[in-house]
Amino acid sequence: MNYALKLLDEQIKDALSTLYKINADKIPFQKTRKEFPGDYTLTTFAYSKQAGKKPDELAQELGEFILSKYNNLDSFNVVKGFLNIRFKDSFWIEFLLNAVSENYSGYKKQNSSGKTILLEYSSPNTNKPLHLGHIRNNLLGFSVAEILKACGHKVIKTNIVNDRGIHICKSMLAWQKFGNGETPESSNMKGDHLVGKYYVEFDKAYKKEINDLIAKGISKEEAEKNAPLILEAQQLLLKWEKGDKETIHLWKTMNGWVYKGFDETYKSLGVDFDKIYYESDTYILGKETINEGLQKNVFYKKEDGSIRIDLTADGLDEKVVLRSDGTSVYITQDIGTAILRFKDFPDLTQAIYTVGNEQDYHFKVLFKILEKLGYSWAKECYHLSYGMVELPEGKMKSREGTVVDADELLEEMFDTAKKTTQELGKVEGFSESNLVELHKTIGLGALKYFILKVDPKKKMLFDPKESIDFNGNTGPFIQYTHARIKSILRKAEEQKINIDKAVDPKTINTLERDLIKFIYEFELTIEESAQVYNPAIVANFIYELTKTFNRFYHEHSILKEDNKEVLQFRLLLINKCAQVIANGMKLMGINVPEKM
RNA sequence: GUGCCCGUAGCUCAAUCGGAUAGAGCACCAGCCUUCUAAGCUGGGGGUUACAGGUUCGAUUCCUGUCGGGCACGCCA
């Protein structure tokens with residue numbers, strides 16, 4: 001393979017050192033802006049002083065040097081201090097022919113990097129169904145895992161299920177009181193939704209108790225603490241911790257309902273896990289670790305009996321790691337879980353936590369504690385922090401019912417896809433099951449792309465009243481373009497044209513050149529997105545490629561091209577484009593149809 | 001109160017380590033289907049990048065301050 005930027009890097013280094021005795025380590029190139037001729041641009045301002053030349057003179061001299069010395073370059077031009085460099089057509093043609101013969105995919109060979117990365121995502125509570133916030137988490141985690149794999153890393157996808165604690169006890173209690181033995185089967189309701197229903201029931205009844213108490217003249221604070229229901233829920237938690245048979249049985253039953261429901265949602269979303277952890281299994285190890293740390297004076301016991309760590313010297317606060325009654329808090333389990341993972345997978349080189357940015361502080365504390373406990377891998381822990389999904393009226397709140405339910409949203413996406421597909425009426429010959437499949441592919445494509453095209457670090461807005469678009473910068477637009485390419489390739493085969501025949505067209509037009517460059521840059525784009533854990537970089541790249549293809553499609557005919565060499569070359573080119581589009585979308589967990 | 005994050009077209013988002021005239025989509029207006037799928041293509045209007053300073057060849061990007069928004073700082077998770 002001929003790597004354009006690597007070659008340029010060497011050539012400019014050669015020029016700098018030969019002409020000015022400058023040894024540069026890394027030359028920063030950028031893509032040439034489309035209003036100027038050229039492929040890549042060097043800004044010479046940085047070297048101007050060292051070379052003792054004005055930027056434009058320097059650019060001119062560098063350009064002349066590399067053009068005369070290297071024969072893969074076509075031309076250069078200088079605008080102020082910008083040196084725009086253009087490769088010969090033959091260079092790009094050769095690149096594409098090689099890409100075809102070497103079966104270029106943009107992906108690195110599986111497990112070739114020697115790195116093993118554990119990536120946690122999803123991590124639901126078991127007291128309510130998944131909502132749009134979880135969807136962003138799941139799609140982001142899954143996509144980053146795919147991107148890291150494409151960079152040759154071994155990735156272990158993991159989920160830590162928050163299956164114990166007061167929240168699930170609330171659902172259990174409400175079910176005992178008001179459930180009349182209702183089950184997912186008897187009510188024909190998804191298990192996670194059923195359990196969520198009782199969580200809401202609890203909250204309603206609890207609020208009523210509080211109001212009754214306040215009416216009797218008790219302060220709000222006291223009422224919240226002493227309402228019979230909350231006391232009962234706490235009792236239930238204690239019974240759970242003591243291993244009370246009946247309680248454990250109910251807990252297992254209701255969690256089982258939830259898992260079945262989650263599995264359906266995960267399946268719809270197309271996400272999966274290699275290993276699932278449960279906090280009910282890991283919190284014990286957390287407790288043990290804290291007791292050991294207490295012996296080693298990492299932690300200390302306060303007069304009230306609670307165990308703490310003082311992180312004020314590290315710019316953080318004092319943190320409770322174990323309650324005075326000996327029960328564990330949230331971070332206790334996190335400590336246990338982290339240690340367990342590195343025990344389970346001793347060859348881990350990194351652990352990534354996909355968790356919302358509201359927990360930025362929590363992870364600073366967690367990683368610092370792990371470091372203080374002496375775990376050398378603590379510095380390999382990374383919090384993949386992402387912004388919240390907000391509604392027009394603000395943040396989603398489960399208790400206030402202002403959440404966008406994941407299952408409902410998915411159904412809506414499928415329906416919209418179905419409706420749009422029917423309106424456009426291009427799917428003759430599809431069987432009923434093919435149609436259902438297509439609607440799912442398009443609906444999911446729209447949703448996933450909508451979420452992943454936004455930089456994860458930033459909060460994003462979702463307006464339920466405005467349905468997710470299918471035109472413009474969207475998943476369906478990209479899927480459609482892929483289907484268009486496939487349609488041409490099918491027609492070519494029908495006409496007995498060999499679509500894999502490698503031919504040299506001698507010259508290429510601007511759009512063909514742009515498309516080849518996109519193919520070249522795909523691999524670099526994946527690396528870039530992996531470095532910052534940002535699928536949006538891939539999304540935007542694929543969109544730009546797709547837009548460029550559509551312009552090419554509009555301006556140049558492929559099958560009606562008179563010049564047979566050009567026709568053959570174009571088939572190679574668009575086939576590669578289709579592959580890059582499909583591979584790029586796959587990195588976001590999006591499938592592309594052959595026809596739509 | 002302390003700390004962290006954010007503010008770009010009417011709306012949703014881009015902008016390569018600080019690079020050229022800040023770009024797309026939606027919405028709006030005007031065109032393009034006897035030609036490979038119009039979920040498409042072309043053109044148009046729309047910006048003091050919240051505001052005020054500073055750093056330099058060059059600032060949406062870095063620094064300081066102001067204003068506005070969000071989050072965190074629990075023996076909650």
Side-chain angles (χ1 to χ4, degrees), chain A residues 26 28-33 35-36 41 43 45-46 48-49 54-55 79-82 84 125 127 162 164-167 279 302 304-308 315-317 319-331 333-334 356-362 364-365 385 387-388 390 394-395 417 420-421 423-424 426 442 446 450 453-455 457-463 466 469-481 483-492 495 524-525 528 536-537 539-540 543-544 546-547 549-551 553-561 570 574 595-596:
Chain A
K26 204 174 173 194
F29 290 100
Q30 52 190 320
K31 288 162 89 164
T32 301
R33 293 181 68 104
E35 55 265 42
F36 304 106
T41 295
T43 52
F45 302 97
S48 168
K49 206 174 172 187
K54 284 182 185 166
V79 183
K80 291 188 270 180
F82 297 91
N84 303 318
N125 287 358
N127 63 325
N162 188 4
R164 42 147 266 140
I166 192 75
H167 56 274
E279 290 193 348
K302 218 172 176 176
D304 58 11
S306 63
I307 297 179
R308 303 177 179 227
L316 304 167
D317 295 315
K319 176 79 191 167
V320 172
V321 292
L322 218 50
R323 293 195 189 101
S324 41
D325 65 359
T327 60
S328 66
V329 292
Y330 181 51
I331 205 159
Q333 340 183 13
D334 274 329
N357 63 11
E358 56 198 351
Q359 295 196 37
D360 284 355
Y361 179 78
H362 172 77
K364 272 188 201 164
V365 171
S385 166
M388 297 291 102
E390 288 178 11
K395 208 184 154 186
T420 310
T421 304
E423 277 168 10
L424 292 170
K426 298 184 194 174
I442 295 172
F450 176 81
K453 76 171 175 183
V454 182
D455 185 337
K457 288 198 294 290
K458 299 191 178 174
K459 65 169 194 250
M460 63 178 294
L461 191 109
F462 177 81
D463 188 348
E466 286 178 39
D469 233 297
F470 281 35
N471 299 316
N473 186 359
T474 67
F477 166 69
I478 294 168
Q479 291 171 320
Y480 172 73
T481 305
R484 261 183 157 179
I485 297 174
K486 286 297 189 176
S487 170
I488 299 171
L489 294 172
R490 273 195 306 274
K491 285 223 160 70
Q495 295 171 26
L524 305 174
T525 302
E528 195 191 332
I537 292 172
N540 286 319
Y543 174 62
E544 293 297 329
T546 303
K547 253 196 337 179
F549 172 82
N550 276 309
R551 205 172 307 137
Y553 176 92
H554 186 257
E555 290 179 22
H556 304 282
S557 180
I558 293 156
L559 293 174
K560 295 218 166 71
E561 169 60 41
R570 284 183 180 166
I574 66 167
K595 256 170 103 170
M596 69 184 269

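Just so you know, these numbers use all the heavy atoms, side chains as well, and skip hydrogens, waters and symmetry mates. Letters go in sequence order (proteins before strands), and every chain restarts at 1.
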Inset, instruction - For the pair A:D455 and A:K459, evaluate salt bridge (Lys or Arg N to Asp or Glu O under 4.0 Å) and give the outcome as yes or no after the intermediate values. - result: CA-CA 8 Å; A:D455 185 337; A:K459 65 169 194 250; over 6 Å; no
Inset, instruction - Determine the Euclidean distance between corresponding P atoms of B:A24 and B:U16; express it in Å to zero decimal places. - result: 15 Å
Inset, instruction - Among B:C13, B:C75, B:U37, find the nucleotide with the atom closest to the side chain of A:S324. - result: B:C75
Legend entry - Residue mapping more 5' on RNA chain B - nearest nucleotide basis, A:S328 or A:M460: A:M460
Inset, instruction - Once you apply the 3.5 Å cut-off to both distances, tell me the Watson-Crick or G-U wobble partner of B:C73, or none. - result: B:G1
Inset, instruction - Give a yes/no on whether any side-chain N or O of A:R323 is located under 4.0 angstrom from OP1 or OP2 of B:C76. - result: yes
Inset, instruction - Taking only the side-chain heavy atoms of A:T43 (C-beta and beyond), determine which of B:U21, B:C13, B:G19 contains the nearest atom. - result: B:G19
Inset, instruction - Output yes when at least one side-chain N/O atom of A:K80 is less than 4.0 Å from OP1 or OP2 of B:G58, else no. - result: no
Legend entry - Inter-nucleotide P distance (B:C26, B:U42), Å rounded: 11 Å
Inset, instruction - Side chain of A:V329 only, please: which of B:A20, B:A77, B:U37 is the nearest? - result: B:A77
Inset, instruction - Write down the partner of B:A22 under the Watson-Crick or G-U wobble criteria, each distance required to be under 3.5 Å. - result: none
Legend entry - Near-ring test A:F82/A:F36, centroid separation under 6.0 angstrom: no
Inset, instruction - Check whether the side chain of A:S487 and the base of B:C36 form a donor-acceptor pair under 3.5 Å. - result: no
Legend entry - Closest-nucleotide ordering on RNA chain B, the 5'-leading residue of A:H556 and A:D317: A:H556
Inset, instruction - Identify which nucleotide among B:A77, B:G40, B:C4 has an atom closest to any side-chain atom of A:D360, counting heavy atoms from C-beta outward. - result: B:C4
Legend entry - A:T474 versus A:D469, side-chain donor and acceptor atoms under 3.5 Å: no
Inset, instruction - With C1' as the reference atom in both, quote the distance from B:G25 to B:C41 in angstrom, rounded to an integer. - result: 15 Å
Inset, instruction - Kindly state whether the pair A:F82 / B:A20 counts as stacked, where counting means centroids closer than 5.5 Å and planes tilted less than 30° apart. - result: yes
Inset, instruction - Quick one: closest heavy-atom pair of A:H362 and A:D334, and the distance? - result: NE2-OD2, 2.8 Å
Legend entry - Check: B:A20 base within 3.5 Å donor-acceptor of A:N84 side chain: yes
Inset, instruction - Would you indicate, yes or no, if B:G23 has its OP1 or OP2 atom less than 4.0 angstrom from a side-chain nitrogen or oxygen of A:R33? - result: yes
Inset, instruction - Give a yes or no answer on whether the side chain of A:S306 reaches the backbone of A:K302 with a donor-acceptor pair at less than 3.5 Å. - result: no
Inset, instruction - For residues A:F470 and A:F450, establish whether the separation of their ring centroids is below 6.0 Å. - result: no
Inset, instruction - Can you figure out which of B:C36, B:U21, B:C75 approaches the side chain of A:L559 most closely? - result: B:C36
Inset, instruction - Determine which nucleotide pairs with B:C32, using a 3.5 Å limit on both distances of a Watson-Crick or G-U wobble pair. - result: B:G40
Inset, instruction - Identify whether any heavy atom of A:F470 sits under 4.0 Å from a base atom; if not, whether one sits that close to sugar-phosphate; answer base, sugar-phosphate or nothing. - result: base
Legend entry - A:F36 ring over B:A20 six-membered base ring, under 5.5 Å and 30°: yes
Legend entry - P spacing across the pair B:U2 / B:G45, given as an integer number of angstrom: 48 Å
Inset, instruction - Give the nucleotide from the list B:G25, B:C75, B:C26 with an atom nearest to the side chain of A:Y543. - result: B:G25
Inset, instruction - Report yes if at least one side-chain N or O of A:K458 is closer than 4.0 Å to OP1 or OP2 of B:A14; otherwise report no. - result: yes
Legend entry - Sugar-phosphate, base or nothing in reach of A:I442, heavy atoms under 4.0 Å: base
Inset, instruction - Go through the N and O atoms of the side chain of A:T41 and the base of B:A20, and report whether any donor-acceptor pair is under 3.5 Å. - result: yes
Legend entry - Pair partner, B:U60 [Watson-Crick or wobble, under 3.5 Å]: none
Legend entry - Rounded P spacing from B:G68 to B:A50 in Å: 16 Å
Legend entry - Evaluation steps, side-chain hydrogen bond (donor to acceptor under 3.5 Å, both in side chains), between A:Y330 and A:E279: CA-CA 10 Å; A:Y330 181 51; A:E279 290 193 348; 5.9 Å; no
Legend entry - Base paired to B:G7 (Watson-Crick or G-U; both N/O distances under 3.5 angstrom): B:C67
Inset, instruction - Rounded to whole angstrom, note down the P distance from B:G43 over to B:A59. - result: 30 Å
Inset, instruction - Would you indicate which nucleotide in B:G7, B:C41, B:A38 comes nearest to any side-chain atom of A:R484? - result: B:A38
Legend entry - A:S324 versus A:D304, side-chain donor and acceptor atoms under 3.5 Å: no
Legend entry - Glycosidic class, syn or anti, of B:C33 using a 90° window around 0: syn
Inset, instruction - Output the single nucleotide from B:A77, B:G19, B:C36 whose closest atom is nearest the side chain of A:K560. - result: B:C36
Inset, instruction - Among B:C13, B:C41, B:C75, find the nucleotide with the atom closest to the side chain of A:R308. - result: B:C75
Inset, instruction - Check every strand shown and say whether A:D325 touches a base, only sugar-phosphate, or nothing at a heavy-atom separation below 4.0 Å. - result: nothing
Legend entry - Options B:G40, B:C4, B:C17, nucleotide nearest the side-chain atoms of A:H554: B:G40
Legend entry - A:K459 NZ to B:A72 P, straight-line distance once rounded to whole Å: 14 Å
Inset, instruction - Using both distances under 3.5 Å as the test, list the Watson-Crick or G-U wobble partner of B:C17, or none. - result: none
Legend entry - Under 4.0 angstrom between A:N357 side-chain N/O and B:G70 OP1 or OP2: no
